[in-house]
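Read through the structure below, which is laid out as structure tokens, and then see the notes.
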Number of protein chains: 2
Amino acid sequence: MPRVELARSTGLSFPAISAITSKLMAEELLCEAETEAATLWPDDADEEDADGLNGRRRGRPAVLLTLNPEFGRIVAVSLRMNLIETLIADYSGSALAQSRLELTTRALDAAALCELVIAQIEAMLDATATPRHRLLGIGMALQGIVDADTGRHLWSPALSITDVDLAKPIREAFGVEVVMANDAVAVALSLVAAEPALAQGLTATLMVGHGIGMGIVVDGEARWGAGAGSEIGHVKLGSNGPQCRCGQRGCIEAHLADYALYRDARTFLDLPPAVSQQPSEAQMALLRARARAGDPRLEQLFRQAGHALAEAVATTISVLRPHHVILAGPGLEAFDMMRSAYEERLEQAVLPWLLKSTAIYVRPSESATIVDGMVRRTLRVVDRNHMETTE
Amino acid sequence: MPRVELARSTGLSFPAISAITSKLMAEELLCEAETEAATLWPDDADEEDADGLNGRRRGRPAVLLTLNPEFGRIVAVSLRMNLIETLIADYSGSALAQSRLELTTRALDAAALCELVIAQIEAMLDATATPRHRLLGIGMALQGIVDADTGRHLWSPALSITDVDLAKPIREAFGVEVVMANDAVAVALSLVAAEPALAQGLTATLMVGHGIGMGIVVDGEARWGAGAGSEIGHVKLGSNGPQCRCGQRGCIEAHLADYALYRDARTFLDLPPAVSQQPSEAQMALLRARARAGDPRLEQLFRQAGHALAEAVATTISVLRPHHVILAGPGLEAFDMMRSAYEERLEQAVLPWLLKSTAIYVRPSESATIVDGMVRRTLRVVDRNHMETTE
DNA sequence: TTGAATAATTTCAGCAAGCGAATTAAAAAA
DNA sequence: TTTTTTAATTCGCTTGCTGAAATTATTCAA
């Protein structure tokens, strides 16, 4: 954050940093932070604070620079099964307001969906008194397949429509860039940003929840073939496994996603029906509670899920050879019940040399992680566009 | 190759190209090509040649530039099951000489192996009267797992040694850069270089032969997590499938690699035994001939192989979402017998939206493709190093 | 044969980004 | 108050470009 640190991390010289930062400050994109924390020194964290001087040292103190939160705002929308979550953040990425709208998403056609999303975005702008020209970009995280080259939405379990350009009507309504991404990609970006070590090399984030998604981040950036998303959830574990909502059979998702677990549990257990086959968070919590109470059939169900998770991780490691694998998403709440089956299967399913050279992290993440990651992604795209236009 | 074309493809201005090329020509790295073909015009291929002028047009003709073949030489070594193949190429990548050494590779320890490889390289240098200072780099393609970060060889079916740094002794013997890569990566680079369309986006090359390997090329460059290689051959197709030589069970390789097919065929057919379980090319040809002659058990075997191939492609597409998939390697000689089973299974195993957006090519490739690709890879590394040192 | 016409390359002057050295600024320590 | 230490800026210079114009090598047509 201080200029010295920027020079070190970018490898540029002081004069260069000085010139760049002063130009950006003239654009009101950057600003100097308050003098309070400003007197803390950059490399203070790892030294003892016992000098009683509150982290101060000799010499001119560094001036902290921050993104000017007032430079503009970003709206991120997460479109999931029966849920539209919206968040507005300032230019530094801090959330200003958010909303959740529950409805049966599969009942919507493309026009109705876009109308709803536009209304949600407008509500966010109104709630934070954001003038239109302060809106810099909109990010949409979608549960399903997105073609990153064209931005088109190809297929989603949450929607009955396929192969439509959802971004276009929204772009036209607000006149700003609309960034589309798979929701697992958004989660991946959020988690990678939280731990600097994960931003080095290739990090694969497996999101387990309503579906199974994967986001791939290379050196902190989400860039890839046809999108940073991977459809590992629809890799098959056998040619005649359980029915998946994609229409095919034996998908990893059909063994591991919460809708699959709930559906299978209902075949032998008395549980309330799920709305459009999508159990609520409360229903999944109930399922876990019953399993922990000691139902052997449920324990078996979670063991099978553990096997499916291990197969997913094994395939990821074998095909992608990532440096880091993150297991994330609400499905990990039940990881304790999957663990032994997962570990046992993983050993059998990956070459030991590969397993040894991959670090696996478990990070059960909240729902807000999606919109947080989407804000980051959108900010990056907006910044890139801004750079290109001012040059 | 002509300067005009360079300017167009790099986006740099003419003066810039002029300055750079003249500097490189002063270094004797580039040279102007012969006047014969030089008078052909760059964008002539797609216009009719009916003007009877042998492709000439008005205006000053472009001067073709080529890498100066005499600038230096590259040796590429391919280390496979029972075979060490060596090739020496000039700076433009044309092969000058090559050799094949057949021996039981699994009987060698690290020292003996390096000694052999060094002897092979020296033989190549002698055969082409290459002075030591003209040797710019050595590339080694290895069948097995290579850690691209460290260059260490981790595991190979062709060798009994594991986790050794094979590059170091060779680097010390010749004092030049030694580039290690998975052999499938080398094949991928060679095939991608042959078709410009494949150099755009993400191309996954599945090599089917002694083993199953995969090379991943992004925008023409082989860069990745822990190497551009993927161990998709060791993804499991079921928890209790046939024994694989990696020690685990049910690997795709154990259904599809030639050693697996030959081994399984020998359980019901009278075939000569294979040396260290590795059938020769002639033995595999015999197997294919018998199958084509109409043995129903062999037909069934190849149908199973087709299923395994489909699973490999399905997994690749689902996890990687590549723009292009290439099926390559000697195993594809039998693709006609696998085709119907392959196509049928592929439809079931990949989401149709993904399958539709992926182009699949079949390119049965020769053995020399490995060393050719390895020469390219090594040249690229050598050039990068050269750039850094002269700047 | 000779002079357009055409296209590739080079020359030239100028600009912009970045660097090293020296300078100025702000704070703690002596 | 002076010295020390570190942050940030200013200054002059190099480098790598670019655009405009000049130069060169050809073909085409008179």
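Since the model is a prediction, treat every value here as computed from it, not as a measurement. Heavy atoms only: backbone and side chains are in, while hydrogens, waters and symmetry mates are out.
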- Message: Checking A/Thr378 now: which residues fulfil side chain to side chain contact (heavy atoms under 4.5 Å, CB included) with it, not counting sequence neighbours?
- Response: A/Ile74, A/Val179, A/Met374, A/Val382
- List the steps, then state whether salt bridge (Lys or Arg N to Asp or Glu O under 4.0 Å) holds for B/Glu70 with B/Arg134. CA-CA 8 Å; B/Glu70 294 310 311; B/Arg134 283 284 182 203; 5.8 Å; no
- Task: Round to the nearest Å and state the distance from B/Leu64 atom CG to D/dA25 atom P.
- Result: 17 Å
- Using a strict 4.0 Å threshold on nitrogen-to-oxygen distance, state whether B/Arg3 and B/Glu32 make a salt bridge. yes
- Using ring-ring contact (aromatic ring centres under 6.0 Å, His included) as the criterion, list what pairs up with A/Tyr361, not counting sequence neighbours. A/His324
- Query: Does a side-chain N or O from B/Arg58 land closer than 4.0 Å to OP1 or OP2 of D/dA29, or not?
  - Reply: no
- Task: Establish whether the base of D/dA25 is bridged to the side chain of B/Arg60 by a donor-acceptor pair shorter than 3.5 Å.
- Result: no
- Query: So, does A/His323 use its side chain to make a donor-acceptor pair with the main chain of A/Gly201 at under 3.5 Å?
  - Reply: no
- Query: Rounded to the Å, how far apart are A/Glu32 CD and D/dT9 C1'?
  - Reply: 13 Å
- Task: Test B/Val178 against every option in B/Val75, B/Ile170, B/Val77, B/Asp165 by the side chain to side chain contact (heavy atoms under 4.5 Å, CB included) rule and name the one that passes.
- Result: B/Ile170
- Item | Nucleic acid contacts of residues 10-24 of chain B, taken as heavy-atom distances under 4.0 Å to DNA chain D | B/Gly11, B/Leu12, B/Ser13, B/Pro15, B/Ala16, B/Ile20
- For B/Arg3 and C/dA7, give me the distance from atom CZ to atom C1', rounded to whole Å. 14 Å
- Task: Round to a whole Å and report the spacing from CG of A/Leu30 to P of D/dA8.
- Result: 13 Å
